[in-house]
Amino acid sequence: QVQLGESGGGLVQAGESLRLSCAASGRTVNGYAMGWFRQAPSKEREFVAALSATGGNTRYADSVMGRFTISRDNAKNAIYLQMNSLKPEDTAVYYCAARSFFSDVVVFTNSYAYNFWGQGTQVTVSS
């Protein structure tokens with residue numbers, strides 16, 4: 001099975017940037033649809049960004065549109081989430097997710113579409 005490990009979280013001031021990394025091991029995720037989700041205290045897990053297995057199609061939650069960018073580096077077997085203009089409401093544990101089932105150019109915003117998850121990395125944005 002594939003294992004996912006997030007890194008890059010931390011404490012930043014509002015308006016600053018962070019780049020989250022999700023390193024995959026065990027097998028390549030180059031042919032997997034990938035996604036980022038987050039969960040704030042006392043709130044449900046919510047969709048943040050998604051990337052298709054092929055074709056480079058992306059989709060973002062309205063709350064992060066224009067500020068966050070999801071990308072893939074096949075050579076490193078990793079995906080990234082570039083987060084700019086961070087706001088206090090972005091504070092959450094961020095999770096990387098992968099879908100091993102064939103999906104081609106489709107993007108998935110529902111967490112149930114993914115079957116592998118990382119353990120999460122904390123992002124805290126102070127005002």
Side-chain angles (χ1 to χ4, degrees):
Q1 293 184 342
V2 64
Q3 292 81 45
L4 304 176
E6 303 94 337
S7 62
L11 173 63
V12 297
Q13 296 280 351
E16 296 182 345
S17 299
L18 279 175
R19 181 178 173 87
L20 304 184
S21 299
C22 175
S25 60
R27 64 177 298 151
T28 180
V29 295
N30 293 350
Y32 291 4
M34 305 292 293
W36 286 97
F37 294 76
R38 67 187 183 187
Q39 187 165 19
S42 302
K43 293 186 177 181
E44 296 182 350
R45 178 177 50 187
E46 67 173 351
F47 166 75
V48 176
L51 178 67
S52 61
T54 61
N57 296 316
T58 60
R59 183 165 294 180
Y60 300 92
D62 290 343
S63 59
V64 307
M65 183 74 70
R67 299 188 297 120
F68 290 11
T69 303
I70 186 172
S71 62
R72 181 195 304 269
D73 188 334
N74 289 338
K76 296 182 178 180
N77 201 26
I79 65 165
Y80 306 94
L81 185 68
Q82 178 66 45
M83 305 185 295
N84 298 328
S85 301
L86 283 163
K87 305 174 180 179
E89 50 262 46
D90 294 319
T91 295
V93 176
Y94 283 72
Y95 297 92
C96 174
R99 174 185 169 92
S100 63
F101 304 109
F102 177 80
S103 57
D104 204 0
V105 298
V106 181
V107 294
F108 300 94
T109 62
N110 191 318
S111 63
Y112 289 100
Y114 300 90
N115 56 320
F116 293 102
W117 294 82
Q119 294 186 353
T121 184
Q122 177 71 48
V123 172
T124 303
V125 184
S126 62
S127 60

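In this chain, residues are counted from 1 in sequence order.
- With hydrogens and angles disregarded, a donor-acceptor distance shorter than 3.5 Å links the side chain of N57 to the backbone of V105.
- Smallest separation of non-hydrogen atoms from S103 and R99: CB-NE, 3.8 Å.
- I79 and F116 end up in the same hydrophobic cluster when Ile, Leu, Val, Met, Phe, Trp and Tyr side chains are linked at under 4.5 Å.
- Counting only distance, with no hydrogens or angles, the side chain of R72 and the backbone of S52 share a donor-acceptor pair below 3.5 Å.
- R38 contributes atom CZ, which lies 4.0 Å from atom OH of Y94 (distance to the nearest 0.5 angstrom).
- Residues V106 and V29 fall into different hydrophobic clusters, defined by Ile, Leu, Val, Met, Phe, Trp and Tyr side chains chained together at heavy-atom separations under 4.5 Å.
- Using a distance-only test at 3.5 Å, with no hydrogens or angles considered, a donor-acceptor pair links the side chain of Y60 to the main chain of I70.
- Linking Ile, Leu, Val, Met, Phe, Trp and Tyr residues whenever their side-chain heavy atoms come within less than 4.5 Å places M34 and W36 in a single cluster.
- For the atom pair CG of L11 and CD of Q122, the computed distance is 9.5 Å after rounding to the nearest 0.5 Å.
- Around CD of Q119, the count of heavy atoms belonging to other residues, nucleotides or ligands within 6.0 Å does not exceed 12.
- Residue L18 is not grouped with residue Y95 when hydrophobic side chains (ILVMFWY) are merged at heavy-atom distances under 4.5 angstrom, including chains of intermediate members.
- Remark: the backbone N or O of V123 is not paired with any side-chain donor or acceptor of D90 at under 3.5 angstrom.
- With rounding to the nearest 0.5 angstrom, the CZ atom of F68 is 8.0 Å from the CG atom of L20.
- Applying the disulfide (SG to SG under 2.5 Å) rule to pairs touching residues 47-79 yields nothing, sequence neighbours excluded.
- Using modelled atom types and a 3.5 Å distance limit, the side chains of R45 and S111 yield a donor-acceptor pair.
- Pairs of residues two or more places apart, or lying in two chains, that qualify as disulfide (SG to SG under 2.5 Å) and include a residue from residues 68-122 are C22-C96.
- Checking side-chain atoms of Q3 against main-chain N and O of A24 turns up no donor-acceptor pair under 3.5 Å.
- In this structure, the separation between CZ on R27 and CD on Q1 is 10.0 Å, given to the nearest 0.5 Å.
- Proximity of the aromatic rings of F37 and W117 is defined here by a centroid distance below 6.0 angstrom, and this criterion is met.
- The backbone N or O of G15 sits nowhere less than 3.5 Å from a side-chain atom of S85 that would complete a donor-acceptor pair.
- A donor-acceptor pair under 3.5 Å is absent between the side-chain atoms of D104 and the main chain of A53, judged by distance alone.
- Atoms CG and OH, on N77 and Y32 in that order, are 9.5 Å from each other to the nearest 0.5 Å.
- Within a 6.0 Å radius of CZ in R59, other residues, nucleotides and ligands contribute 12 heavy atoms or fewer.
- Contact annotation: the side chain of L4 approaches that of V2 to within less than 4.5 Å [non-hydrogen atoms, C-beta and beyond].
- The aromatic ring centroids of F47 and F108 lie 6.0 Å or more from each other.
- Among residue pairs with one or both ends in residues 9-20, those qualifying as side chain to side chain donor-acceptor pair (under 3.5 Å) are Q13-S126, S17-N84; sequence neighbours excluded.
- When side chains are defined from C-beta on, L81 counts as touching V48, because their heavy atoms get closer than 4.5 Å.
- S21 places no side-chain N or O within donor-acceptor distance of the main-chain N or O of Y80, the cut-off being under 3.5 Å.
- Residues F101 and V107 fall into different hydrophobic clusters, defined by Ile, Leu, Val, Met, Phe, Trp and Tyr side chains chained together at heavy-atom separations under 4.5 Å.
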